[in-house]
Trainee: 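Got a structure for you, written out below as structure tokens; questions coming shortly.
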Amino acid sequence: MSSPTWLCSLHRRWLPTAPVSPSQPEPQPCCAAGRGRLGVMCGRYASTARRTVLLEQFQVDGDNAEDLKSPDYNVAPTKTAPVVIARAPSGGPKDADAVRQLRLFKWGRLVPFWAEDAKIGNRMVNARSERVDEKPAYRAAFKSRRCRIPVDAFYEWFETDQISEKTKKPLKQPFAFRPTDGSSLALAGLYEVWKDKTLPEDDPGALLWWSYTILTTTATNEIGRIHDRMPMAIGPDDWAQWLDPLPAS
DNA sequence: CCAGACGTTGTT
DNA sequence: GTCTGG
DNA sequence: CCAGACGTTGTT
DNA sequence: GTCTGG
């Protein structure tokens, strides 16, 4: 199938900037160094906004993120990070009206609700947006379990000509990307709720497992100069619509 | 029908 | 659960 | 994404 | 090389 109709409204202009974290090395011009090879899109990002800022910025009604540890300049797969969802308040009836909530979910290891083994989620860090509505692992979540991921910048690694003494492999230079206009950034994501049914109810591991994945899309702008894929950003005008079900097509 | 997968990027 | 491959 | 682990039999 | 854990 072709790209979803909401794709075009989500494009925005990007430029490489200095890494967000002071501990990151200085960036180099994108195409001047190395061979232009880059790693997987959107494998790390920075989430630095404080909880109170996120609550206001995303007009959140339900706050389930009291344990948020912020800032985190190095959010990696399996780590817990804040996401915004629209869902019936936890603890209440499932058919209650959806409320916008800030929640702390695990990135990656997205385990579909039907899975018997959590291992299936091992590589579900990203989901291609082009076919996310038909892929068995993502289809259900795409229909009813979407999330926005507040992000300040995302990182990419650039393989340079320098060889590491230690590993004898090319050194990789991290870059940070964020909107040039300083606007806040939300990535499009899906989440899943999974429970290990092989464990007895009283086992600590039988708790619900909440995880999310980040959608990727074609990079048609400045990022496309160095990599053909990028995480899908949602503009503020589309934040509400992304969490709501799509109109029937 | 059953059995098995269910994912992405990048590499050559 | 649902799709694909045999 | 990166960093780090990865395994068995049988016994120099 | 490939998988796991963070």
Side-chain angles (χ1 to χ4, degrees), chain A residues 1 3 16 19-21 23-25 27 34-47 69 71-81 104-145 149 151-160 162-178 187-198 205 209-219 223-232:
Chain A
M1 99 160 219
S3 299
V20 171
S21 166
S23 63
Q24 297 284 353
R35 311 225 171 274
R37 287 196 199 106
L38 290 169
V40 171
M41 201 60 224
C42 208
R44 289 202 193 194
Y45 65 87
S47 173
K69 302 206 175 34
D72 188 342
Y73 289 97
N74 195 20
V75 182
T78 72
K79 287 178 90 175
T80 297
L104 299 179
F105 290 174
K106 277 189 201 303
W107 180 17
R109 309 295 195 271
L110 183 141
V111 184
F113 67 93
W114 41 259
E116 288 181 12
D117 191 329
K119 273 192 282 190
I120 193 174
N122 276 352
R123 278 177 283 180
M124 301 206 184
V125 169
N126 294 132
R128 288 182 68 94
S129 60
E130 291 89 342
R131 287 165 60 80
V132 78
D133 59 334
E134 39 183 61
K135 289 289 183 183
Y138 298 129
R139 217 165 65 155
F142 178 75
K143 277 184 185 160
S144 57
R145 287 182 295 280
I149 303 142
V151 165
D152 299 279
F154 62 86
Y155 299 113
E156 283 196 58
W157 275 257
F158 189 88
E159 201 171 277
T160 70
Q162 285 186 297
I163 303 296
S164 163
E165 289 283 332
K166 230 178 178 178
T167 67
K168 306 296 180 192
K169 287 177 180 174
L171 282 173
K172 289 184 175 180
Q173 163 76 52
F175 284 84
F177 293 86
R178 52 180 154 186
L187 302 183
L190 309 174
Y191 71 93
E192 273 288 357
V193 196
W194 181 78
K195 187 176 185 179
D196 190 342
K197 298 185 184 69
T198 66
W209 173 298
W210 302 78
S211 62
Y212 66 95
T213 188
I214 296 176
L215 303 200
T216 60
T217 186
T218 310
I223 287 183
R225 293 168 55 196
I226 53 175
H227 191 70
D228 62 344
R229 303 291 295 174
M230 63 185 282
M232 175 174 283

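By convention in this document, chain letters (A, B, ...) are assigned in the order of the sequence lines, proteins followed by strands, and residues within each chain are numbered from 1.
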Trainee: So, is A:R229 near the phosphate of B:dT9, with a side-chain N or O under 4.0 Å from OP1 or OP2?
Mentor: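 A:R229 to B:dT9 OP1/OP2: side-chain N or O found under 4.0 Å.
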Trainee: Counting the atoms with a prime plus P, OP1 and OP2 as sugar-phosphate, which does A:Y45 contact under 4.0 Å by heavy atoms, base, sugar-phosphate, or nothing?
Mentor: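 The answer is nothing, as A:Y45 stays clear of every strand by at least 4.0 Å.
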Trainee: Looking at A:K79 and A:N74, would you say the former's side chain and the latter's main chain have a donor-acceptor pair under 3.5 Å?
Mentor: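 Pair found, side chain donor or acceptor close to backbone of A:N74.
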Trainee: Is the A:W107 ring parallel, tilted or perpendicular to the A:Y45 ring (thresholds 30°, 60°)?
Mentor: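 Answer is tilted, since the angle falls between 30° and 60°.
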Trainee: What string of B, S and - do you get for nucleotides 1-6 of chain C 5' to 3' if you count protein non-hydrogen atoms under 4.0 Å?
Mentor: BSS---
Trainee: Quick check: closest heavy atoms across A:L110 and A:S211, and the distance to 0.1 Å?
Mentor: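 Taking A:L110 first and A:S211 second, the nearest heavy atoms are CA-OG, 3.1 Å.
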Trainee: What interatomic distance, in whole Å, is found between P of D:dC1 and the corresponding atom of B:dT11?
Mentor: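 These two P atoms come out 10 Å apart once rounded.
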Trainee: Do the ring planes of A:F105 and A:W210 sit parallel (below 30°), tilted (30 to 60°) or perpendicular (above 60°)?
Mentor: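 A:F105 and A:W210: parallel rings.
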Trainee: How would you label the contact of A:A115 with the nucleic acid (heavy atoms, under 4.0 Å): base, sugar-phosphate, or nothing?
Mentor: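 Contact class for A:A115: none.
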Trainee: Please state the P separation for the pair E:dT2 and D:dT9 - nearest whole angstrom.
Mentor: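 One P to the other, the span is 23 Å.
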Trainee: Please check this pair: side chain of A:S129 against backbone of A:T216, looking for a donor-acceptor N/O pair closer than 3.5 Å.
Mentor: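 Pair found, side chain donor or acceptor close to backbone of A:T216.
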Trainee: After noting the C-alpha distance and the side-chain angles of A:T78 and A:K106, does the key distance pass the side chain to side chain contact (heavy atoms under 4.5 Å, CB included) rule?
Mentor: CA-CA 5 Å; A:T78 72; A:K106 277 189 201 303; 5.6 Å; no
Trainee: Please state how far atom CG in A:L190 lies from atom P in B:dT8, giving the value in whole angstrom units.
Mentor: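 In whole Å, B:dT8 P lies 11 Å from A:L190 CG.
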Trainee: Do you know the tightest heavy-atom contact between A:I120 and A:P112?
Mentor: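 Closest approach of A:I120 to A:P112, heavy atoms only: CG2-CD, 3.8 Å.
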Trainee: Which heavy-atom pair separates A:T218 from A:E130 by the least distance, and what is that distance?
Mentor: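 Shortest heavy-atom contact: OG1-OE2, 3.4 Å.
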Trainee: In whole Å, what is the span from the CD atom of A:E116 to the P atom of B:dC6?
Mentor: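 Taking atom P of B:dC6 as the reference, CD of A:E116 is at 16 Å.
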Trainee: With rounding to the closest Å, how many angstrom separate the C1' atoms on E:dG5 and B:dA3?
Mentor: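 Those two atoms are separated by 31 Å.
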Trainee: Write out the stems for DNA chain B, ordered by first number and formatted as range with range, counting runs of at least 3 consecutive Watson-Crick or G-U wobble pairs under 3.5 Å.
Mentor: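 Detected stem regions: B:1-6 with C:1-6.
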Trainee: If you restrict it to nitrogen or oxygen atoms, what contacts under 3.5 Å exist between nucleotides 1-4 of chain B and the protein, and what is each distance?
Mentor:
none

Trainee: Might you point out which heavy atoms bring A:V125 and A:C42 nearest each other, and give the distance in Å?
Mentor: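 What the structure gives for the nearest pair is CG1-O, 4.1 Å.
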Trainee: Of the non-hydrogen atoms in A:A115 and A:W194, which two are nearest, and what is the gap between them?
Mentor: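 Shortest heavy-atom separation between A:A115 and A:W194 comes out as O-NE1, 2.7 Å.
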Trainee: Can you give me the closest heavy-atom contact between A:N126 and A:Y138, atom names plus distance?
Mentor: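 Scanning both residues completely, I find the closest heavy atoms to be O-OH, 3.1 Å.
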Trainee: On a whole-Å scale, what distance lies between the P atoms belonging to B:dC6 and E:dG6?
Mentor: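 Taking atom P in both B:dC6 and E:dG6, they lie 25 Å apart.
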